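Nothing here was measured: the structure is a model prediction, and the numbers come from that model.
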Amino acid sequence: MAVYPLFANGVFGKTALAVVVATAVAGCSVVPKQLSNQEVMANAAENTDLLAQDVAPINGPIGLNDAFARTIKYNRDARLKAFEAVVSQGQLAVDQFDMLPDLAVQAGYSRRNNYAASASVSFSGDEPASLGSNPSYSVSSDKSTVNASIGATWDILDFGLSYYRSKQQADRFLISKERERKVVHTIMEQARSAYYRAVSAERLLSKINPLIIQARTALADSTRLERLRAQSPMEALSYQRSLLETLRTLQDIRKDLMPAKAELATLMGLNPAVDFELADVNNPDFITPRLNIAIDDMERTALVRRPELREAQYQERITQDEVHSAFLSLFPSLNLNASVNYNDSDYLRNNNWTSTGVGVNWNLMNVFRYGKIEQLNKLKVAASKQQALAVSMAVISQVHIADIQFKEAGDGYQLATQYLDVAQRIKAQIDSNRQAQSIGDLTVIRENLNALLAELRRDVAYAELQNNFGKVLVSMGLDPLPEGFGSMNLEQLSTAFDQFQTKWQQGEVSVVSQEAMQAAVAAQHNAALKD
């Protein structure tokens with residue numbers, strides 16, 4: 001009897017509550033835990049092993065098409081976009097389940113230490129009658145019960161909204177595929193540039209290093225002659241200054257060329273320390289690409305095939321579905337439900353029963369929101385259309401700029417080739433006179449440098465020509481690979497690239513004709529009339 005007042009006054013109740021709260025707070029608190037050096041090193045070792053195992057070994061010299069194949073197969077950016085497309089497709093499969101009814105299964109067991117007995121009294125006037133000193137209690141449930149139910153609930157409004165969300169997710173999946181195409185175009189452009197830079201570096205570095213040694217030897221000889229006063233100081237210093245300027249130029253060229261091969265290796269998913277040969281170093285093939293396409297055909301092709309424009313069209317459809325969802329949300333919510341139930345209570349006449357129901361829920365304030373939502377939806381559609389038009393104008397501009405740059409690059413390559421021919425003939429004359437000992441080392445070194453620079457300019461001009469040719473193809477949205485290239489091995493990818501590149505180099509480019517465009521517009525118009 002003495003304990004009861006303590007509980008009644010809340011002493012133990014407050015203490016117990018404080019203990020429970022303190023325990024819950026302590027259990028829910030999170031302390032930042034820094035990664036240990038062991039965990040970081042173990043993760044780094046695992047990543048290193050995965051990077052090494054994930055790339056096919058190199059079995060021979062790498063050509064341009066092999067570089068393309070390895071870039072597509074092993075480039076991390078391309079793989080990331082491919083994974084994003086897979087994730088988007090998985091999300092689409094998940095979202096489609098939202099259109100189905102909710103199917104819930106419930107089961108439970110409950111027990112109490114005594115019966116839930118209750119009494120009732122009549123109501124007299126505005127007050128219930130007195131319970132009395134000896135009330136009559138009744139029981140309608142067992143001490144322990146087992147219950148179970150299975151029921152389906154379907155909200156028609158949620159179904160409609162889920163339908164439009166699924167359509168939006170389907171378009172987002174298609175957008176991710178277009179972005180994957182864009183990444184393929186971009187990394188191919190980068191691989192083309194990196195490959196030709198690496199080829200130039202491999203070929204010219206073998207000529208730069210001996211020339212640097214020759215210039216340093218001449219510089220040391222000139223310094224020695226100056227000390228011996230075998231030359232006038234002014235003549236010796238001028239000679240040394242020319243040699244130092246030559247050395248500085250050579251070292252600047254070498255500094256620019258040295259990382260080229262490592263950059264190519266990174267694009268191909270290789271460790272930059274891996275040694276490999278390039279096929280075009282010893283046997284360069286300076287094929288001039290041809291492109292005889294009218295600018296109007298290039299524009300139409302770009303407007304149909306560029307991934308950015310297709311993405312913009314999908315985004316327009318997403319906006320339209322968002323408009324439909326916003327309008328649909330104004331309607332009442334109609335809820336349908338049905339269930340099968342069981343309860344083992346002995347006091348129930350029917351232990352099994354089914355139930356159905358219909359419910360309607362509507363926010364009447366939506367009536368006042370209709371005008372504002374309709375106005376907002378019109379603005380969204382207009383903004384989406386303006387965005388698509390802006391992308392279209394940017395694409396057309398890129399086509400024109402790429403075409404101009406390709407033509408200018410062709411003229412630049414022809415000029416660089418002629419310049420190299422003259423420089424090599426001058427070098428041949430200098431070498432002949434050198435054998436007759438009629439000219440000095442500085443002239444020989446300078447002309448060797450001029451010939452080397454001319455060769456470098458020719459290589460750079462050819463690389464720029466190829467890069468601008470690639471930009472024209474990218475600006476038109478041409479895909480360099482067939483459908484399903486993700487399942488191809490390296491050899492198949494390289495062969496596919498070779499076939500496309502050979503056709504394109506010869507000017508065989510498939511474009512969208514004016515007739516095909518007009519036929520598509522007419523078909524779309526007829527379909528709209530039928531709808």
- request: Please answer whether the main-chain N or O of I318 pairs with a side-chain N or O of Q168 as donor and acceptor at a distance below 3.5 Å.
  value: yes

- request: List the steps, then state whether side chain to side chain contact (heavy atoms under 4.5 Å, CB included) holds for E178 with I175.
  value: CA-CA 5 Å; E178 294 302 323; I175 286 176; 5.6 Å; no

query: Got a second to check how far L473's CG is from T301's OG1, nearest 0.5 Å?
result: 11.0 Å

message: Counting neighbours of CD on Q514 that are heavy atoms of other residues, nucleotides or ligands and sit closer than 6.0 Å, is the number greater than 12?
response: yes

message: For the CD atom of Q315 and the CD atom of E308, what is their distance to the nearest 0.5 Å?
response: 14.0 Å

message: Closer than 4.0 angstrom, basic N to acidic O: yes or no for R425 and D421?
response: yes

task: Search all heavy atoms of V472 against all heavy atoms of D403 and return the closest pair with its distance.
output: CG2-N, 4.1 Å

task: Given side chain to side chain contact (heavy atoms under 4.5 Å, CB included), test T319 with E316 step by step and report yes or no.
output: CA-CA 5 Å; T319 302; E316 280 190 71; 5.6 Å; no

- prompt: Would you say the side chain of M268 lies within less than 4.5 Å of the side chain of I58, judging by non-hydrogen atoms?
  reply: no

- prompt: Within a strict 4.5 Å, meaning less than it, do heavy atoms of the L420 and R457 side chains meet?
  reply: no

- prompt: Do R203 and E455 pass the salt bridge (charged side-chain N to carboxylate O under 4.0 Å, His left out) test, and can you show the C-alpha distance, the side-chain angles, and the key distance before you say yes or no?
  reply: CA-CA 10 Å; R203 188 165 56 248; E455 188 174 0; 3.6 Å; yes

task: State, without any angle test, whether S494 and N65 hold a side-chain donor-acceptor pair at a distance under 3.5 Å.
output: no

query: What residue pairs, at least two apart or across chains, pass salt bridge (charged side-chain N to carboxylate O under 4.0 Å, His left out) with a residue in residues 272-283?
result: K261-D275

- prompt: Is there side-chain contact between M188 and F497, with at least one heavy-atom pair below 4.5 Å?
  reply: yes

task: With sequence neighbours left out, write down each residue that passes ring pair (Phe, Tyr, Trp, His ring centres under 6.0 Å) with H185, or none if nothing qualifies.
output: none

field: 4.5 Å side-chain heavy-atom contact, D221 and R224
entry: yes

message: More than 12 heavy atoms of other residues, nucleotides or ligands under 6.0 Å from CD of Q251: yes or no?
response: yes

- prompt: Hey, mind stepping through R254 and I212 against side chain to side chain contact (heavy atoms under 4.5 Å, CB included) and telling me if it holds?
  reply: CA-CA 10 Å; R254 185 172 66 177; I212 289 177; 3.8 Å; yes

message: Looking at D252, is its backbone amide N or carbonyl O close enough to the side chain of D256 to form a donor-acceptor pair, meaning the two atoms are under 3.5 Å apart?
response: no

task: Examine distances only and state if a side-chain atom of S193 and a backbone atom of E189 form a donor-acceptor pair shorter than 3.5 Å.
output: no

message: Tell me if a side-chain donor or acceptor on N467 pairs with a main-chain N or O of A463 at a distance below 3.5 Å.
response: yes

statement: F68 and R192 have their tightest heavy-atom pair at CE2-N, 3.8 Å

- request: Output every pair passing salt bridge (charged side-chain N to carboxylate O under 4.0 Å, His left out) with a member in residues 239-250, not counting sequence neighbours, ordered by first then second residue.
  value: none

- prompt: Given the rule in the salt bridge (charged side-chain N to carboxylate O under 4.0 Å, His left out) test, do K407 and D411 qualify, once you have shown the distances and angles that lead to the verdict?
  reply: CA-CA 7 Å; K407 293 175 180 176; D411 294 340; over 6 Å; no

task: Would you mind listing every ring-ring contact (aromatic ring centres under 6.0 Å, His included) that reaches into residues 400-422, with sequence neighbours excluded?
output: F406-F469, Y413-Y462

task: Provide the closest heavy-atom pair for A69 versus L493 in the form atom of the first, atom of the second, distance.
output: CB-CB, 3.6 Å

query: Between NZ of K380 and CG of L376, what distance do you get to the nearest 0.5 Å?
result: 4.5 Å

message: So does G63 get a backbone contact from the side chain of D66, meaning a donor-acceptor N/O pair under 3.5 Å?
response: yes

Side chain T217, main chain I213, donor-acceptor under 3.5 Å: yes

query: What closest approach, in Å, do R306 and R181 show between heavy atoms, and which atom pair accounts for it?
result: C-NH1, 4.4 Å

statement: Closest heavy-atom pair, R305 versus S510, reported as atoms and distance to 0.1 Å, is NH1-O, 2.8 Å

message: List the residues meeting side-chain contact (heavy atoms from CB on, under 4.5 Å) with Q492, not counting sequence neighbours, and say none if there are none.
response: M488, N489

query: Donor-acceptor pair, S176 side chain versus F173 backbone, under 3.5 Å?
result: yes

query: Between K167 and D171, is there a salt bridge with N-O shorter than 4.0 Å?
result: no

message: Do V460 and Y196 make a side-chain contact, defined as non-hydrogen atoms from C-beta onward lying under 4.5 Å apart?
response: no

- prompt: Rounded to the nearest 0.5 Å, how far apart are CG of L204 and CG of L452?
  reply: 5.5 Å

Nearest-0.5 Å distance that lies between atom CG in L303 and atom CE in M393: 9.5 Å

- request: Identify, with sequence neighbours excluded, every residue that meets side chain to side chain donor-acceptor pair (under 3.5 Å) alongside N468.
  value: none

message: Let's go through I208 and L257 carefully: what are the C-alpha distance in whole Å and the side-chain angles of both, what is the deciding distance for side chain to side chain contact (heavy atoms under 4.5 Å, CB included) to 0.1 Å, and is it a yes or a no?
response: CA-CA 10 Å; I208 288 175; L257 294 176; 4.1 Å; yes

- prompt: Where do P61 and L278 come nearest, in terms of heavy atoms and distance?
  reply: CB-C, 4.4 Å

- prompt: Does the ring of F286 carry R458 above it, NZ/CZ under 6.0 angstrom from centre and within 45° of its axis?
  reply: yes

task: Taking the side chain as every heavy atom from C-beta outward, state whether M476 and V509 have any pair of such atoms under 4.5 Å apart.
output: yes

- prompt: Do the side chains of R197 and D459 get nearer than 4.5 Å, heavy atoms only?
  reply: no

query: Hey, mind stepping through D321 and R165 against salt bridge (charged side-chain N to carboxylate O under 4.0 Å, His left out) and telling me if it holds?
result: CA-CA 8 Å; D321 289 335; R165 292 191 192 105; over 6 Å; no

- prompt: Is any side-chain heavy atom of L250 closer than 4.5 Å to a side-chain heavy atom of L449?
  reply: yes

query: How long is the gap from CD on Q414 to OG1 on T417, to the nearest 0.5 Å?
result: 5.5 Å

